[in-house]
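Reviewing the structure listed below.
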Amino acid sequence: MLFNPKVFSQRAFSQKARKKINVGIIGGAGYGGTELIRILIFHPNVNLKFVTSRKYAGLKVSSVNRFLEGLIDLKYIEPDISIFPEPIDLIFFATPHKTSMEMVPRLVREIPEVSIIDLSGDYRLKNPDEYETYYGSKHSSPELLENFVYGIPELNRDKIRRARYIANPGCFATGIIFALYPLLKEGLIKSPVTVVAVTGSSGSGDVPKEVTHHPMRAKNFKAYKILEHQHLPEIKQFIRERCGVDELEMGFIPQSGPFVRGIFTTAVAFNPGLSQEEVLEAVNRHYRGLKFVRVVNGSPEVVMVYGTNYVEVSYRYRDGFIVGMSAIDNLVRGASGQAIQNMNIMFGFEETAGIWFPGMKP
Ligand SMILES: NC(=O)c1ccc[n+]([C@@H]2O[C@H](COP(=O)([O-])OP(=O)(O)OC[C@H]3O[C@@H](n4cnc5c(N)ncnc54)[C@H](OP(=O)(O)O)[C@@H]3O)[C@@H](O)[C@H]2O)c1
């Protein structure tokens, strides 16, 4: 076991006392990494020390992203541990799967005091066989899986507070867990659940592929990875741990919609004998007072959470059918904003620091 809670709590205390931590980003030129930069440069407790990109190493971050002109002085560096400036307190991985599991063992060995938040799927699943099934390659550092805490802040805060290593949830998984959590926690769902969730094109990252190319996406709407998306096992694992549902029976149909940011989730189950009031009371017991979770009447809307860390949820019950819906911004709540919220909790900062801003209208 690499994690020593005593050492970590002393360290967390001293971090809190000096109020600023040194942070690096591996994979800082993609959509998730750029979103991390956009938020972290205004974070009151963060000194952003390095950002990596193999493609842009040596170039100024602001010349690659001109919307950051005048806001950041760093140049991209290679993702090479031996050149990372020290001391460093926290490293975010915003890289495709397989990258962090290759780099983390060396990081842990050579910078044992560093904290890690991984936005990829590499450390989300406790069972390395499931990783192989859903990600198509053997896990190369399974001995570290137990040290990572699943970082869905409002629903796993106590573990996150004590964690050194965080596996940030997948974007679909975040939307689906928020839509279903209070219903499953309160035992209101007894049937299999059908989930349909629609994502915008930024969910596929910044490397163009035929299926993500604008002419093929702009006016299109389609399903993909039907009943076999890689976020299924992390949802089931979390629900097993936090809601005591041993094997959630869930069919998940991911869809891609003609918009850039956002995920809209609809989950449907059947339980005769409930009422709309009972469902809403259960939801409110878990979500009332949470700053980033908005329980709305009618439908959640992606435009209301666009560019923000908010989650909108809504619930409807009629004729035995329970419908739970959610809307998130995949790059903020589904990735970087949620990662920064996890950082805030880990380091004892104000939980909303750096991510407390509203959406926009329209
Ligand atoms: N997009 C979303 O909505 C979203 C939401 C939640 C989670 N995620 C997850 O977050 C991660 C990043 O997603 P993204 O959409 O930001 O992807 P992306 O746009 O494709 O960016 C990936 C970044 O990783 C770097 N990279 C690629 N291979 C690397 C390697 N072998 N070593 C070091 N750096 C490497 C790339 O830069 P260079 O090639 O220049 O080094 C780039 O900066 C993925 O695991 C994704 O599944 C994404």
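Each ligand, and each atom within it, is numbered from 1 in the order the structure gives.
- Counting only heavy atoms of the protein, atom 19 (O) of ligand 1 lies nearest to D206 N, 2.8 Å.
- Not one N or O of Y56 is nearer than 3.5 Å to an N or O of ligand 1, by distance alone.
- Between the side chain of R316 and the backbone N or O of G298 there is no donor-acceptor pair closer than 3.5 Å.
- Atom 46 (C) of ligand 1 is not flagged as protein-proximal [any protein heavy atom, distance under 4.0 Å].
- In this structure, the side chain of K126 engages the main chain of L145 through a donor-acceptor pair within 3.5 Å.
- Atom 39 (O) of ligand 1 is flagged as protein-proximal [any protein heavy atom, distance under 4.0 Å].
- Screening residues 97-130 for ring-ring contact (aromatic ring centres under 6.0 Å, His included), with sequence neighbours left out, gives H97-Y135, Y123-H139, Y123-F148.
- Applying the ring-ring contact (aromatic ring centres under 6.0 Å, His included) test to pairs two or more places apart or on separate chains, those with a residue in residues 245-283 are F172-F252, H229-F252, F270-F321.
- Considering G32, G334, S202 only, the shortest heavy-atom separation from atom 1 (N) of ligand 1 involves S202.
- What sits closest to atom 8 (N) of ligand 1 on the protein, heavy atoms only, is L119 O, 4.0 Å.
- For atom 15 (O) of ligand 1, the closest heavy atom belonging to the protein is G205 CA, 3.2 Å.
- Residue T99 touches ligand 1 through its side chain alone, judged by heavy-atom distances below 4.0 Å.
- Under the 4.5 Å side-chain criterion, counting only non-hydrogen atoms from C-beta, V268 is not in contact with I322.
- Near C171, meaning under 4.0 Å from one of its heavy atoms, ligand 1 places the atoms 5 (C), 6 (C).
- Side-chain contact annotation: T199 with Q255, donor-acceptor N/O pair under 3.5 Å absent.
- Looking only at protein heavy atoms, the nearest one to atom 3 (O) of ligand 1 is N330 ND2, 2.8 Å.
- Using a 4.0 Å cut-off between heavy atoms, P79 contacts ligand 1 through its side chain alone, with no backbone atom that close.
- Y76 is listed as a side-chain neighbour of V64, based on a closest heavy-atom distance under 4.5 Å.
- You'll find the side chain of I226 stays beyond 4.5 Å of the side chain of Y224, heavy atoms only.
- Between atom 21 (O) of ligand 1 and the options G27, G30, G203, the minimum heavy-atom separation is to G30.
- Ligand 1 has no nitrogen or oxygen under 3.5 angstrom from a nitrogen or oxygen of T52.
- For atom 10 (O) of ligand 1, a protein non-hydrogen atom is found at a distance below 4.0 Å.
- The aromatic rings of F178 and Y287 are tilted relative to each other, their planes meeting at an angle between 30° and 60°.
- Under the 4.0 Å distance rule, the nearest protein heavy atom to atom 36 (C) of ligand 1 falls outside the cut-off.
- For P96, the heavy-atom gap to ligand 1 drops under 4.0 angstrom.
- With contacts defined as side-chain heavy-atom distances shorter than 4.5 Å, the pair P169/E234 qualifies.
- Using a 4.5 Å heavy-atom threshold, the side chains of I160 and I166 count as touching.
- Side-chain contact check for M216 versus S201: every heavy-atom pair is 4.5 Å or farther apart.
- When the heavy atoms of L331, T95, T34 are ranked by distance to atom 2 (C) of ligand 1, first place goes to L331.
- Checking atom 33 (C) of ligand 1 against the protein gives a heavy-atom contact under 4.0 Å.
- Proximity to S53 (heavy-atom distance under 4.0 Å) selects the following atoms of ligand 1: 38 (P), 40 (O), 41 (O).
- When only non-hydrogen protein atoms are considered, atom 27 (C) of ligand 1 lies nearest to R54 NH2, 3.2 Å.
- What sits closest to atom 23 (C) of ligand 1 on the protein, heavy atoms only, is A94 O, 3.4 Å.
- A donor-acceptor contact under 3.5 angstrom links the side chains of Q341 and R333, judged on distance only.
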